[in-house]
Amino acid sequence: MKAAVLEDIGRLEVREVPIPEVSDDSALMRVEAVSICGSDVRILHHGNPRVKPPTIIGHETAGVIVKVGRNVKRVKEGDRVALGADVPCGQCRWCKTGLGNNCSINYAVGYQIPGAFAEYMLLPKLLLEEGPVTPFSERLSFEEAALAEPLACAINGLELVNMGPGKSVVIIGLGPIGCMMIDLARHFGASKVIGVQRSRARLEMAKFYQADVYIAAAEEDVIARCREETEGEGPDVVITTSGSVEAHEQAVEMVAHRGYVNLFGGLPKSARPMQLYSNTIHYKECFLTGSHGSVPRQHEKAVRLLEEGVVRVKPLITHRFPLTQIHEAFAVMESRQGMKVTLYPHGLPKAD
């Protein structure tokens, strides 16, 4: 089969490799669609302690089960399944209490478990027993189902800020996650959704999602405007879906008393330290949290929301490439010319 093998940092090579052999406790998935995540770009250029080249990365994926081991009960041949990334070990206190994304081992598809930049992917025993493997119906395309993985992470972020009916929400960063957050915040009952974005091009793309207010961060005083849009109180919830330390600082400064801030977007190692006046938290009695990854129940919820059309992801898929053009696909991703870049290991799908 063809696979894009990460040979070393900075070196990704499309070549022929053996199709993985299925054991009694594993299954084989034909990869129909796999999207490139920002973490894939970081792994390619900077590596990751959990990724040992040569290996196959890629974790935002969906496909069809084509072979199962005789002991496998969770999936059967012909099942359409979407995969999440984080795989609980099933043994530590975090995994046993449903918080496997906090596991110290932190198994993940495309990290310790070879990923989906390939025509076929092996689903090992641990992934099938403990991980996010969610069947979906033909109402959902493979390329949409692949985006259940980042949507599950967005669900995790909104759960951590106790998102609920009647709350005002500011989303700083309107890339794919930020746009998903607009639909998701509505689903959770947000009374007002405010989107903030520095890039004018992305701001215009994000207007499809019809937030109540859009703010161009490079042209306006973000904090003042967000307070103005919330009757001077500040928003009840602020989510930073951009990898910007300035956004993190603005979020704490603008949030309402007893409000919640979720630092969703991670920062590069080169970022300066966040400058935080702790008395702001003290006197506001506000809550500051981070979030990363998701757990299997959130991935299942993400798939159901996609099937029901509650969260719309098809408009986010701006570029499509066959696997053989993965270098061009990564170049588009890194240039930020669009939103989501999706690869098709068996060739581009027919136009609708």
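Keep in mind that this is a model prediction, so the values were computed, not measured.
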*Asks:* Look at the side chain of D40 and the backbone N and O of C37, then say whether any donor-acceptor pair between them is shorter than 3.5 Å.
*Replies:* yes
*Asks:* Once you round to the nearest 0.5 Å, how far does OG of S137 lie from CZ of R80?
*Replies:* 7.0 Å
*Asks:* Could you measure the distance from the CD atom of Q91 to the SG atom of C103? Nearest 0.5 Å is fine.
*Replies:* 10.0 Å
*Asks:* Evaluate side chain to side chain contact (heavy atoms under 4.5 Å, CB included) for L305 paired with L184, printing each intermediate quantity in order.
*Replies:* CA-CA 9 Å; L305 291 177; L184 200 55; 3.7 Å; yes
*Asks:* Strictly below 4.0 Å, N to O, side chains only: are E220 and R225 in salt-bridge contact?
*Replies:* yes
*Asks:* Go through the side-chain N and O atoms of D25 and N71 and say whether any donor and acceptor fall under 3.5 Å apart.
*Replies:* yes
*Asks:* Measure the shortest side-chain to side-chain distance between C153 and F264 over non-hydrogen atoms and say whether it is less than 4.5 angstrom.
*Replies:* yes
*Asks:* Does any N or O in the side chain of E307 come within less than 3.5 Å of the main-chain N or O of R139, such that one atom is a donor and the other an acceptor?
*Replies:* no
*Asks:* How many angstroms lie between atom CD of Q250 and atom OG of S244, to the nearest 0.5 angstrom?
*Replies:* 7.0 Å
*Asks:* Tell me, do T61 and M29 make a side-chain contact under 4.5 Å, heavy atoms counted?
*Replies:* yes
*Asks:* Do you know which two heavy atoms are closest between G293 and D86, and how far apart they sit?
*Replies:* CA-OD2, 3.2 Å
*Asks:* Using atom types as modelled and distance alone, determine if a side-chain donor or acceptor of T318 lies under 3.5 Å from a backbone N or O of M339.
*Replies:* yes
*Asks:* Between E249 and Q275 (side chain of the first, backbone of the second, donor and acceptor by atom type, cut-off under 3.5 Å), is there such a pair?
*Replies:* yes
*Asks:* Do the side chains of Q197 and I171 get nearer than 4.5 Å, heavy atoms only?
*Replies:* no
*Asks:* When the side chains of residues 11-20 are checked against the rest of the protein, which donor-acceptor pairs come out under 3.5 Å, sequence neighbours left out?
*Replies:*
residue	atom	partner	partner atom	Å
R15	NE	E7	OE2	2.7
R15	NH2	E7	OE2	3.2
E16	OE1	M1	N	3.3

*Asks:* Under a 4.5 Å cut-off applied to non-hydrogen side-chain atoms, are Y209 and R312 in contact?
*Replies:* yes
*Asks:* Treating N101 as the side-chain partner and V295 as the backbone partner, does any N or O pair qualify as donor plus acceptor under 3.5 Å?
*Replies:* no
*Asks:* Might you point out which heavy atoms bring R70 and D24 nearest each other, and give the distance in Å?
*Replies:* NE-OD2, 3.2 Å
*Asks:* Is there a donor-acceptor contact under 3.5 Å linking the side chains of S291 and N262?
*Replies:* yes
*Asks:* Is there a salt bridge (charged side-chain N to carboxylate O under 4.0 Å, His left out) between K340 and E143 once you walk through the steps?
*Replies:* CA-CA 10 Å; K340 290 304 294 185; E143 63 181 15; over 6 Å; no
*Asks:* Check for me, please, whether V332 and F117 land in the same ILVMFWY cluster - side-chain distances under 4.5 Å, paths through other members count.
*Replies:* yes
*Asks:* With no hydrogens and no angle check, is any side-chain donor or acceptor of R50 less than 3.5 Å from a backbone partner on N106?
*Replies:* yes
*Asks:* What's the separation between atom CZ in R320 and atom OG in S35, rounded to the nearest 0.5 Å?
*Replies:* 9.5 Å
*Asks:* Compute whether any side-chain donor of one residue and acceptor of the other, for H319 and E328, lie under 3.5 angstrom apart.
*Replies:* no
*Asks:* Output all residues satisfying ring-ring contact (aromatic ring centres under 6.0 Å, His included) with H346, sequence neighbours left out; order by chain, then residue number.
*Replies:* Y120
*Asks:* Do the non-hydrogen side-chain atoms of E159 and Q298 ever get within less than 4.5 Å of each other?
*Replies:* yes
*Asks:* Which value, rounded to the nearest 0.5 Å, describes the distance between I36 atom CD1 and F321 atom CZ?
*Replies:* 8.0 Å
*Asks:* Flag the pair R30 and E32 as a salt bridge only when some basic side-chain nitrogen lies within less than 4.0 angstrom of an acidic carboxylate oxygen.
*Replies:* yes
*Asks:* Does K284 have more than 12 heavy atoms from other residues, nucleotides or ligands lying within 6.0 Å of its NZ?
*Replies:* yes
*Asks:* Salt bridge check: are K192 and D212 linked by an N-O gap of less than 4.0 Å?
*Replies:* no
*Asks:* Between V66 and E77, does the side chain to side chain contact (heavy atoms under 4.5 Å, CB included) criterion hold? Intermediate values first, please.
*Replies:* CA-CA 5 Å; V66 294; E77 289 183 19; over 6 Å; no
*Asks:* Between side-chain atoms of residues 122-131 and protein atoms elsewhere (two or more places apart, or another chain), which donor-acceptor pairs fall under 3.5 Å?
*Replies:*
none

*Asks:* Kindly indicate whether the side chain of V51, heavy atoms from C-beta on, has any atom under 4.5 Å from the side chain of Q112.
*Replies:* no
*Asks:* At their closest point, which heavy atom of V169 faces which heavy atom of A190, and how far apart are they?
*Replies:* CG2-CB, 3.9 Å
*Asks:* Any luck finding a side-chain donor-acceptor pair between N48 and Y111 under 3.5 Å?
*Replies:* no
*Asks:* Could you pull out all residues at least two apart from F142 that satisfy ring-ring contact (aromatic ring centres under 6.0 Å, His included)?
*Replies:* F136
*Asks:* Let me check something: do L306 and I317 share a hydrophobic cluster, defined by ILVMFWY side-chain heavy atoms less than 4.5 Å apart, either directly or through other members?
*Replies:* yes
*Asks:* Might you point out which heavy atoms bring A206 and C179 nearest each other, and give the distance in Å?
*Replies:* CB-SG, 3.7 Å
*Asks:* So does K76 pair up with D79, basic N to acidic O under 4.0 Å?
*Replies:* yes
*Asks:* So, the side chain of H248 versus the backbone of G265: is there a donor-acceptor pair under 3.5 Å, distance only?
*Replies:* yes
*Asks:* So, S168 versus S191: side-chain donor-acceptor pair below 3.5 Å or not?
*Replies:* no
*Asks:* Which heavy atom of P150 sits nearest a heavy atom of A146, and at what distance?
*Replies:* CD-O, 4.0 Å
*Asks:* Hey, does the side chain of S26 reach the backbone of S23 with a donor-acceptor pair shorter than 3.5 angstrom?
*Replies:* yes
*Asks:* Report yes or no: do H299 and T134 form a side-chain donor-acceptor pair below 3.5 Å?
*Replies:* yes
*Asks:* Taking atom types as modelled, find out whether T230 and E233 have a side-chain donor-acceptor pair closer than 3.5 angstrom.
*Replies:* no
*Asks:* Any heavy-atom pair between the side chains of P88 and Y107 that's under 4.5 Å?
*Replies:* no
*Asks:* Is I182 reachable from I155 through a run of I, L, V, M, F, W or Y residues, each pair having side-chain heavy atoms under 4.5 Å apart?
*Replies:* yes
*Asks:* Is a side-chain donor or acceptor of D236 paired with a backbone partner of Y260 at a separation under 3.5 angstrom?
*Replies:* no
*Asks:* Rest of the hydrophobic cluster containing M254 (Ile/Leu/Val/Met/Phe/Trp/Tyr, side-chain heavy atoms under 4.5 Å)?
*Replies:* V170, I172, I194, V196, V213, I215, V222, I223, V238, V245, V252, V255, V261, L263, L267, M274, L276, I281, L288
*Asks:* For residues I326 and L6: do they belong to one hydrophobic cluster (side chain heavy atoms under 4.5 Å, members Ile, Leu, Val, Met, Phe, Trp, Tyr)?
*Replies:* yes
*Asks:* Please confirm whether the backbone N or O of G173 pairs with a side-chain atom of T241, one donor and one acceptor, at under 3.5 Å?
*Replies:* yes
*Asks:* Among all residues two or more places apart in sequence or in another chain, which pass the ring-ring contact (aromatic ring centres under 6.0 Å, His included) test with F208?
*Replies:* none
*Asks:* May I ask you to say whether R198 pairs ionically with E246, meaning some side-chain N is under 4.0 Å from a carboxylate O?
*Replies:* no
*Asks:* Taking all atoms of both residues into account, what is the closest heavy-atom pair of L316 and P176, and its distance?
*Replies:* CD1-O, 3.7 Å
*Asks:* Shared ILVMFWY cluster between V5 and Y344, side chains joined below 4.5 angstrom?
*Replies:* no
*Asks:* Does a side chain donor of either E204 or Y214 reach within less than 3.5 Å of an acceptor in the other side chain?
*Replies:* no
*Asks:* Just wondering, do H59 and S39 contact through their side chains at under 4.5 Å, heavy atoms?
*Replies:* yes
*Asks:* Give the C-alpha distance, both sets of side-chain angles, the deciding distance and a yes or no for salt bridge (charged side-chain N to carboxylate O under 4.0 Å, His left out) between E119 and K2.
*Replies:* CA-CA 6 Å; E119 291 183 316; K2 286 187 175 62; 5.3 Å; no
